Every structure is written in C-alpha cells, then in structure tokens.
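Working notes, structure below.
Since this is a predicted model, take the numbers as computed values, not measurements. Labels below follow one simple rule: chain letters A, B, ... track the order of the sequence lines, proteins then strands, and each chain is numbered from 1.
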Amino acid sequence: MIKARLQEIVDRCFQEGVKREYWPQSADDYALETPKRQGQGDFSTNLALIAAGIKKKNPREMAAKLTGLLADYCDITDKIEIAGPGFVNFFIRDAVWQDVLPGICQQGESFGPPKIGAGKRVLVEFVSANPTGPLSVGHGRQAVLGDAIARLLEATGHEVTREYYYNDAGRQMRVLAGSLRARYLELSGIPCELPEDGYQGKYIYDIARELLDEQGDKLQGVDDLTPFQKKAEQAIFKDINGTLQRMGIHFDNYYNEHTLYDDGHIDDVVARLRDKGLVYEQDGAVWFKTSEFGLEKDRVIIKSTGEPTYRLPDIAYHREKFRRGFDWMVDIFGSDHIATVPDVMAGITALGLDASKVTVVLHQFVTLMRDGHQVKMSTRKATFVTLDDLLSEVGPDVVRFFFLMRKADSQLDFDLDLATQQSQENPVYYVQYGHARLTSIIRQAGERGIDVPGRDNTHVSLLDQPEEIALLRDMASYPELVKNAALDLAPHRVVFYLQELAAKFHSYYNKHRVISEEDLEMTKARLQLVRGIRIVLRNGLNLIGVDAPNSM
RNA sequence: GCGCCAGUAGCUCAGCUGGAUAGAGCAACGGACUUCUAAUCCGUAGGCCGGGGGUUCGAAUCCCUCCUGGCGCACCA
C-alpha cells in the first residue's frame, strides 16, 4: 500500500525527467524494491543506474537529478539519499507506517490484496486422479497446492472454479475391475489369481468385502466386469472424497472424460485438425503433426485399435475449457506429466486458441521418509502410505503447511518421523501459536476492561519502537505480497511471510510488554498493533487453508 | 542420447522481474520463565550460492559448457 504510493511518486518524477530530457522513456524498466539491509531505507530505486546505463553518464549524477525532482513531489519521506553505485534510497516517515494500522483494523477480514482479477473467470484443475485407488501423498501435495492457488486467486478477486477431471473408462479401470472380481471370488472361497498388473492394495479386499455383503454370491458366475467396475469406482470415489473433505478441499465440478466422447468433441477435434491438414494416417494409427509446432516428432492420437491416446481427450477437454468462457486456465500436474504439456499446448494452438491463457504448474515429487529411509510408493503395489494415513498421523493443518513450505518446482522430502513425533517443533504451530498469543492478549485486555482501538488513530504515534515500525512495515507489505504470490501462482511465499511475521511478533512480545497498568495510552496503542497483527496472521493462515486457533 | 526440474550453512530450504556486506528454520554451543501462553525469546558459530567460461556499472539470479540427483522421452494416463 505504501509502496504503491511511492511508486506513483517515482513514476511521476520519472516522466518529469523525460520531459526535461534527463533520461529517455526507454529507461522505464526501473524497479522500486525493498532493500535487504538496514540503513538502506525502506525502499530503493535503481532508476539512476538504468538511466545512466542508457545515456552513458555517471549514475550518481543521474541520481542527483532524480532526488532534485523528488524534493518537489515526495511528501511521505524523512530522507532521500543517494547510496552505493547510484541507488536512491527512501526513508519513510514513521507516521506514514503508523497510519497504516487503523486502516488494517477497519478492514479486518477484507484486508488483503487488490482485486486485480475482478471480472476474470479462472478454472483451476487439480488432483484429477482416476478412481483406481486411495489418494497418495503426491496427490496430497497437488490437492494442497491447487486449493491454495485457488484461494489466492479468489483473494485477488478472480472468479474461480475448482475442477476435478477424471476418466472412469479404459484399461486401468478394467484391470481394477478384474482385481476386485478376483478378491471377491477369493473371499467367496473360490481360489482366484489376481490379473496381470492387478492392483494389490488391501483396499481392494475392503471393497470386495462390501460387495460380498451387498450382493452375496450373486456375482460368482458373472464374467461381465461392469458390476465390479461400478462398485470399485463408487467405493473409491467415496474414499477420495472423504480424504479431500478431511483436508477441507472441495471441488465445484467433476468433469468426466466420457462426456467428451458422448458429446462428439473427440471426433470433432480430429475433424478440425484434419481440415487444417495437421493429421495423417500411418501404420493404422492417426497421427497429429506436433512437429509443425516445434516439437521433436509427431504423436499418435488414435491407436490402431481405434482407441484414442490420452492426448486427444486432453486437447478436447482444453477446448471445452475455452468454450466455457474462462479467461485463464490453470492446470496443476505432477512432474511425471511433463511430456503431455507440449502436446496439449500444440493442440490448443492448432485449434486456433490462445495457448497463453493456459498456465501449467508442475510440481515435483514428494519423497516420503520414514526411519531415515525413502518409502517407495506405487498405487498398484501394497507398499504405500496414503494421504489419509498421513492426515491421521499429523492432521490437515500440518499437511497443508508442509506441502506449501516448498515451491512447486522443488522436490519435497516429507519426513514422517519429524512430522509425527516432533510435531512440537513444527513451523505450523509456531505461526498458530503466534495467533493464539495475540488472541490471548486481547482477551486479557477485555478482562481488565481496556478497550482495543480499532479505526481511530489517536494512539498510533506512540508506536515508535524499531520493532513496532518493522512490524507495521511488514503488515503494510502484505497486500502486495499476496498479489504477487497469486499472479505467480506461488503460495509458498505466503507461508514464508507468515513465518517471518510470527517471528517478529514473538520477538516483540518477549521484549516489550503490551498491557501495562501504568501507561494506559501506550497499552492502547500496542493493543491496536496486536489487533492488526492478528488480522494479518489470521487472513494469511486462512489464505492457505490453515486454522488460526484462539488458544493452544 | 534428448527435454523439464533441482544443486545456496552439517540437514531441509527461501531469495519476486539481475542490484548494494548472502537469508531462515532445524541440528550444535551458551543464556532468559514470581511477568500479556517458554509450542516463546536472546546470543555464538557455521558459506569459492555444484565446477568452469561469458554478458555489464553489478550475477545465486541471464547465456554457453561440464558434473551430480529427480522426472519424463509409448499406438500407458
């Protein structure tokens, strides 16, 4: 908020400088940033360095021209100085930071990023696991990532639809049905081998048992896999949804790949590509000329058996997303799907659609560590820890927070021993504890009959300690941080921000007393600060779907 | 062999579009509870940012190259 104000001032001076021919318009890619080190001001701009680079002049001379202009326009600083190679550093007046506080208190829950996405419809597709088994820990990362991204986009005013895309037909499902049938027969006392590549997970037994309870031995002589497939799908989706619910994640829409066939979209996409001469037949299969789009080689979209490969429905599905009128489409995929992305993008482009409206977020794998060893996970084998298991061990808050502590690009080691046994040292609790403490202080004040100031600014000038200004500065940067995190689809930045804010507060708490009997005015000022920090912490936690407890 | 991602303190990781003297948490060591919650705080120590070239006023960040790890490179999804 303060930064935006200063940015406006600097922009105005820049334009004035262009008029006076201090520097050319082309120097407009300068930045206004927050320096890391103390003593370098609250903000800093490299305008002079950029301008000097273009005009081949001394940067410090340029900086002097800039400060000359700023003297006329800038009313929120104590001091503006030229430093280092030619940076111009801004020292914001304490009063400016202090004035931020009543605004935050007044806005409360709505304190956050600007609604830059207002009127924009975004589709966020994630999880999209086929109903062949319980959600894995890897799906968990994706679920958390997708939901957090959706929340970030909502916070910035986007109209978000969360969608789960799935396929309940095809080879995998047939193998699943065969596996269930085998277990069903086995439980009925009829020895039966699991089919080749069958699903070995014990959950198949659970479903078989249910089926046996419901149907008795009626299905023993049935060769048709349909009843088994139906039962498996229904039971597994129930399980998946139960897990998602425990995480507090809901979807607005479940999109069945099958509708793409029923509504003729698959055939239509092939026809359209054929019209454009981008499709040909070879070896009994239908190929898509992906090489026309800069890719290595062409790809099969319909196998010689007549069955489409996954690419074709993926392309058709994305065309449907466009037709449904979304302005932005975000896909969250595991890194094992990396190969599909260029093909789908080529398909979108081939159909005359704007591929830049699709953003794919690829997340790297989760490695589960137990007893210092990596746990290998496979949906088909029996050796896997499910997301549900994880939730039972550490709870949804820890799962969410941990999965968001790393950027999507990084592999993630989830140390079960650490997450379960040493949960006291969890960064999640660190932040939550901060919130509980803040709440407790306000409660104490209430018990002593002290009212906590809200929107009024009669006390804020008392908040002149360095720690207080630092806190206010961080709080003021929250809206911009969230805005950038949303646009970059990077929720981990919110997590890091919250840890830092909590740390500053804990430190402050240990150094300064908020409620003091001798000084009621100071008490009120600090209570207002406490209230403001609590709002920001609470809003931030809410943004990543983590609970903000009032006591711990 | 090719593509994508990663390589930053002993460990796990931040570092937004290139910016000034490189950041946090854990682990280690030494301290702080008659006080608004010690699930906390304070201090100490810890680094050729994988190696090597290049681009420029300036590189952990951009380009090239090599090394290491992960994921892919199907008429599986």
Side-chain angles (χ1 to χ4, degrees), chain A residues 29 31 33-37 39-40 44 46 49-50 52-53 56 58-59 83-87 89 128-130 132 167 170-172 197 257 282-287 295-297 299-311 313-314 334-342 362-365 367 405-413 415 418 422-430 432-434 436-445 447-448 480-481 484-485 487-488 490 492-493 495-496 499-500 502-503 505-516 523 526-527 530 551-552:
Chain A
D29 59 337
E33 52 203 7
T34 53
K36 285 165 199 150
R37 304 192 65 80
Q40 294 173 349
S44 164
N46 61 352
L49 292 160
I50 303 276
K56 302 288 174 205
N58 182 340
F87 289 102
N89 295 338
S128 293
N130 289 336
T132 56
N167 175 16
R171 203 186 74 88
Q172 301 284 355
D197 290 337
E257 181 184 317
Q282 190 184 305
D283 305 327
V286 179
W287 296 69
L295 300 184
E296 233 181 312
K297 54 182 202 173
R299 298 290 182 179
V300 170
I301 53 172
I302 300 177
K303 302 184 231 172
S304 52
T305 60
E307 253 182 317
T309 62
Y310 65 88
R311 289 183 195 91
D314 272 7
S335 61
D336 54 336
H337 282 61
I338 178 70
T340 79
V341 176
L362 286 165
H363 70 269
Q364 296 294 317
F365 272 24
T367 311
M405 279 199 310
R406 276 129 189 73
K407 60 182 175 191
D409 283 338
S410 291
Q411 275 170 249
L412 194 155
D413 280 348
D415 191 330
L418 201 80
Q422 300 187 358
S423 56
Q424 294 203 337
E425 272 145 20
N426 252 311
V428 194
Y429 298 133
Y430 182 83
Q432 289 184 321
Y433 183 56
R437 255 188 173 168
L438 288 157
T439 310
S440 171
I441 294 170
I442 292 168
R443 192 179 51 238
Q444 291 270 342
E447 283 165 9
R448 299 182 197 196
E480 203 205 351
L481 173 112
N484 289 333
L487 290 176
D488 295 339
H492 72 279
R493 285 192 214 147
V495 171
F496 280 90
Q499 291 187 95
E500 266 168 46
F505 164 64
H506 282 309
S507 176
Y508 175 68
Y509 176 91
N510 275 275
K511 185 165 179 182
H512 299 286
R513 215 180 143 74
V514 174
I515 298 173
S516 138
T523 298
R526 290 185 171 168
L527 278 172
V530 161
S551 65
M552 288 175 71

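One C1' atom belongs to C64(B), the other to A59(B), and the distance between them is 15 Å to the nearest Å. Across the C1' atoms, A28(B) and G1(B) are found 46 Å apart, a figure rounded to whole Å.
Remark: ring of F87(A) overlaps the six-membered base ring of A20(B) in a stacked fashion, centroids less than 5.5 Å apart, planes less than 30° apart.
Not a single donor-acceptor pair, N or O on each side, falls under 3.5 Å between the base of A74(B) and the side chain of T309(A). Between the side chain of Y429(A) and the base of A39(B), no donor-acceptor pair under 3.5 Å is found. The base of C75(B) sits within donor-acceptor range of the side chain of S304(A), with an N or O pair under 3.5 Å.
Among the atoms of the strands shown, none is found under 4.0 Å from any heavy atom of A445(A). Contact annotation for R443(A): no contact, since no heavy-atom pair falls under 4.0 Å across all strands. When heavy atoms are screened at a 4.0 angstrom cut-off, S440(A) is found touching base atoms of the nucleic acid. Residue contacts for Q40(A): at a heavy-atom cut-off of 4.0 Å it reaches a base atom on one of the strands shown. Residue contacts for S551(A): at a heavy-atom cut-off of 4.0 Å it reaches a base atom on one of the strands shown. Among the protein residues, H492(A) comes within range of the sugar-phosphate backbone only, with heavy atoms under 4.0 Å from sugar or phosphate atoms but none that close to a base. Residue contacts for D314(A): at a heavy-atom cut-off of 4.0 Å it reaches no nucleic acid atom on any strand shown. Within 4.0 Å of A339(A), counting heavy atoms only, lie sugar-phosphate atoms of the nucleic acid but no base atom. Among the atoms of the strands shown, base atoms are found under 4.0 Å from some heavy atom of N46(A). Base contact: S44(A) has a heavy atom under 4.0 Å from a base atom. Within 4.0 Å of N58(A), counting heavy atoms only, lies no atom of the nucleic acid at all.
In this structure, the CG atom of L481(A) is 11 Å from the P atom of G15(B), given to the nearest Å. When rounded to the nearest whole Å, the span between CZ of R437(A) and P of A39(B) equals 8 Å. Taking atom NE2 of residue H506(A) and atom P of nucleotide C36(B), one finds them 16 Å apart after rounding to whole Å. When rounded to the nearest whole Å, the span between CG of N510(A) and C1' of G43(B) equals 14 Å. Whole-Å rounding puts the D197(A) CG to A77(B) P distance at 14 Å. In this entry the distance linking NE2 of H363(A) with P of G72(B) reads 12 Å, nearest Å.
Checked against C16(B), C76(B), C41(B), the side chain of N484(A) finds its nearest nucleotide in C16(B). In the set C41(B), A77(B), C2(B), C2(B) carries the atom at the smallest distance from any side-chain atom of E296(A).
Using the Watson-Crick or G-U wobble rule with both distances under 3.5 Å, C4(B) pairs with G70(B). The partner of U34(B) cannot be assigned: no Watson-Crick or G-U wobble pair with both contacts below 3.5 Å exists in any strand. The base-pairing partner of G23(B), taking Watson-Crick or G-U wobble contacts with both distances under 3.5 Å, is C13(B). In a base pair of the Watson-Crick type (N1 to N3 plus N6-O4 or O6-N4) or a G-U wobble (N1-O2 and O6-N3), with each distance short of 3.5 Å, C49(B) is matched with no nucleotide.
Put simply, the side chain of T523(A) gets close to the backbone of S516(A): a donor and an acceptor are under 3.5 Å apart.
For T367(A) and G70(B), the shortest distance from a side-chain N or O to OP1 or OP2 is not below 4.0 Å. Checking the phosphate oxygens (OP1, OP2) of G70(B), no side-chain nitrogen or oxygen of S410(A) falls inside 4.0 Å. At least one side-chain nitrogen or oxygen of Y509(A) sits closer than 4.0 Å to the OP1 or OP2 atom of A38(B).
Comparing W287(A) and R513(A) by the nucleotide of RNA chain B that holds the closest heavy atom to each, the one mapping nearer the 5' end is R513(A). Mapped onto RNA chain B by nearest heavy atom, Q282(A) and K407(A) fall at different nucleotides, with K407(A) at the one closer to the 5' end.
Note on ring orientation: taking the six-membered ring where Trp is involved, the planes of F496(A) and H492(A) are perpendicular (angle over 60°, cut-offs 30° and 60°).
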